[in-house]
Protein chains: 2
Amino acid sequence: MISRPPRPRERGIPEATVARLPVYLRALQTLQDRGTATVSSEALARAAGVNSAKLRKDLSHLGSYGTRGVGYEVEYLVYQISRELGLTQDWSVAIVGIGNLGRALANYGGFGTRGFRIAALLDADPGVVGQRVASLDVGHIDKLEEVVRERGVSIGVIATPAASAQGVAGRFVEAGVTSILNFAPVVLNVPDGVDVRKVDLSIELQILAFHAQRRADGDGREAERAGLEMT
Amino acid sequence: MISRPPRPRERGIPEATVARLPVYLRALQTLQDRGTATVSSEALARAAGVNSAKLRKDLSHLGSYGTRGVGYEVEYLVYQISRELGLTQDWSVAIVGIGNLGRALANYGGFGTRGFRIAALLDADPGVVGQRVASLDVGHIDKLEEVVRERGVSIGVIATPAASAQGVAGRFVEAGVTSILNFAPVVLNVPDGVDVRKVDLSIELQILAFHAQRRADGDGREAERAGLEMT
DNA sequence: CCCACTTTGTGCGTGCTTTCACAAGCGCGT
DNA sequence: ACGCGCTTGTGAAAGCACGCACAAAGTGGG
Ligand SMILES: NC(=O)c1ccc[n+]([C@@H]2O[C@H](COP(=O)([O-])OP(=O)(O)OC[C@H]3O[C@@H](n4cnc5c(N)ncnc54)[C@H](O)[C@@H]3O)[C@@H](O)[C@H]2O)c1
Ligand SMILES: NC(=O)c1ccc[n+]([C@@H]2O[C@H](COP(=O)([O-])OP(=O)(O)OC[C@H]3O[C@@H](n4cnc5c(N)ncnc54)[C@H](O)[C@@H]3O)[C@@H](O)[C@H]2O)c1
């Protein structure tokens, strides 16, 4: 019996694909909950809101995990995607800035479901430090380095006002955290090797407004603006 | 083979550019607050965290608003970008699902600063309806159509659990809302002409985990291309 | 075994995005 | 008036991403 180990996955998964894998994963888990054993690229693509060819190409980057004529085994695919995304290990998350948003994040249950564990909540306000939020005591920001070290924090979440965000990011980097999720509306400056992603409500709204305005413009007449005389 | 007629060449700003305009706008407003009158593409690009050639090409889609040898007039550029994004008019926003996240959003001050006004908060829970949150009375979801009509809501924000999100989206669409910002971790199904954007914390964390795992994997081995380096 | 049918995996054309590199344009000093 | 230094705006090239369309591969029935 010729035993071939699973195809060695290529180390170059396109960024666009990486961004969609979590979506596929969620769709697959929904199917799993529903007791579905196998799924075709067509069906899964519909559930994920993408083109089926795109889905197949995305999955092909992980390996050949489908069966022609049948489809993909749901459970196996869940495992493969989870593994590729690094969800088979645990990630400790620290949230800094326990205000409106930080509290919502801390209280959000959907975190722990997938390998992410909130390990610490930190704030600078003496009135907030010591409070108990989501079964955790809010610590003082001064303890950031200590907390990161002792609790093995590898992902930092910034939910402070914009003015403090860069400072907090620097502290995280200094402490060895190389993955940062930033909710503050500011561009963070970090050294190479540190991965920053941002979630920006205001930007999303502005993009929606842009499209809404365009739809409204085109509705009545073609407002062809080329030159404006405003000085 | 029927050759397609020459494309209509509509007034088209690339999607990638639209997504960056809000970032430029914020950087410009920071400069404005600081009293800066003009800025070069190089300096603005640095503030926005992008390549300067990209910035110039992005801005060139709006028109020729720079002065060679000098740069861009900050105030004028703020106006032009705002106008292009549709921020010179007011947008009424309705938030549905006044839980952890909905409350954070409602209490978030950064909304109103730029053309977006929270016009209504809606929930299905009788215990939440009637509460006063951020100077607004939480209304019942049954009144969605009425509220949309009477308050001219044009952007809907969904902050309900995943199970309710599709239903709420349908109500929004039915009521004539064509711009939706979705925080629930589910793929929304909407007709053509409706613009949905999603903000998904869980996906962002998973993408961070993927890169973190890759960095860890490659630590001792072949450090493939990624633009990331360990120091 | 063969054939009809299903579904994957991917080669390829197309269009979008990014980046480089530089001519053209502008202001200032002489 | 003219040249110099600085900066924009944009061709051109390279790199990505998407989706069609189809051969390859598997299933099941006869
Ligand atoms: N609330 C929202 O819905 C929302 C939406 C989009 C963006 N944001 C952004 O998220 C961030 C937080 O928003 P929020 O509404 O929760 O603000 P908030 O003012 O309610 O909370 C901020 C918290 O950060 C703490 N803080 C300030 N400086 C700190 C520091 N140096 N170290 C540690 N903690 C510090 C404050 O004590 C406070 O508890 C802001 O940047 C905001 O622009 C919020
Ligand atoms: N809290 C977070 O930090 C966070 C982060 C990421 C994603 N999310 C997502 O955002 C959504 C909201 O999260 P949350 O933590 O605020 O949840 P939550 O349970 O605190 O709040 C949900 C609210 O929606 C209301 N609701 C339920 N069904 C409704 C319906 N049909 N119409 C109107 N209102 C309805 C509930 O009454 C409740 O008040 C969830 O989908 C969650 O997955 C939340």
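Below, chains carry the letters A, B, ... as their sequence lines are ordered, and counting in each starts from 1.
Residue whose closest nucleotide on DNA chain D sits further toward the 5' end, between A:Arg56 and B:Gly69: B:Gly69. Closest-nucleotide positions on DNA chain C for A:Val70 and A:Asp58 were compared, and the one nearer the 5' end corresponds to A:Val70.
When the P atom of C:dC16 is taken as reference, atom CD1 of B:Ile13 falls 15 Å away, rounded to whole Å. As rounded to whole Å, 10 Å separates atom C1' of D:dT8 from atom CG of B:Leu59. Distance A:Glu73 CD to C:dT8 P: 14 Å, rounded to the nearest Å. Distance, B:His61 NE2 to D:dT10 P: 10 Å, rounded to whole Å. With rounding to whole Å, A:Tyr24 atom OH is found 13 Å from C:dT8 atom P. In this structure, the CG atom of A:Leu62 is 10 Å from the P atom of C:dG9, given to the nearest Å. Atoms CD (B:Glu15) and P (D:dA17) sit 16 Å apart, rounded to a whole Å.
One side chain, A:Arg117 or A:Ser92, offers a donor N or O that lies under 3.5 Å from an acceptor on the other. Of the N and O atoms on the side chains of B:Gln80 and B:Tyr76, at least one donor lies less than 3.5 Å from an acceptor on the other residue. A:Arg56 and A:Ser41 share a side-chain donor-acceptor pair at under 3.5 Å. A side-chain donor-acceptor contact under 3.5 Å links A:Tyr24 and A:Asp58. No hydrogens or angles considered: nothing links the side chains of A:Arg26 and A:Gln29 as a donor-acceptor pair under 3.5 Å.
Residue-level contact check: A:Ala16 touches the backbone only, with heavy atoms under 4.0 Å from sugar-phosphate atoms and none from bases.
Side-chain N/O atoms of B:Lys54 and base N/O atoms of C:dT17 include no donor-acceptor pair closer than 3.5 Å. Side chain A:Lys57 to base C:dG9: no donor-acceptor pair is found below 3.5 Å. Judged by distance alone, with hydrogens and angles left aside, A:Arg68 brings a side-chain donor or acceptor within reach of the base of C:dT8, the pair sitting under 3.5 Å.
Look at A:Asn51 and you'll find a side-chain N or O under 4.0 angstrom from OP1 or OP2 of D:dC20. One finds a side-chain N or O of A:Ser41 lying less than 4.0 angstrom from the OP1 or OP2 phosphate oxygen of C:dT8. Contact check, B:Ser64 against D:dG9: a side-chain N or O comes under 4.0 Å of OP1 or OP2. Side-chain N/O atoms of B:Tyr72 include one lying less than 4.0 angstrom from OP1 or OP2 on D:dG9.
The B:Ala53 side chain lies nearest to C:dC20 when the options are C:dT10, D:dG19, C:dC20.
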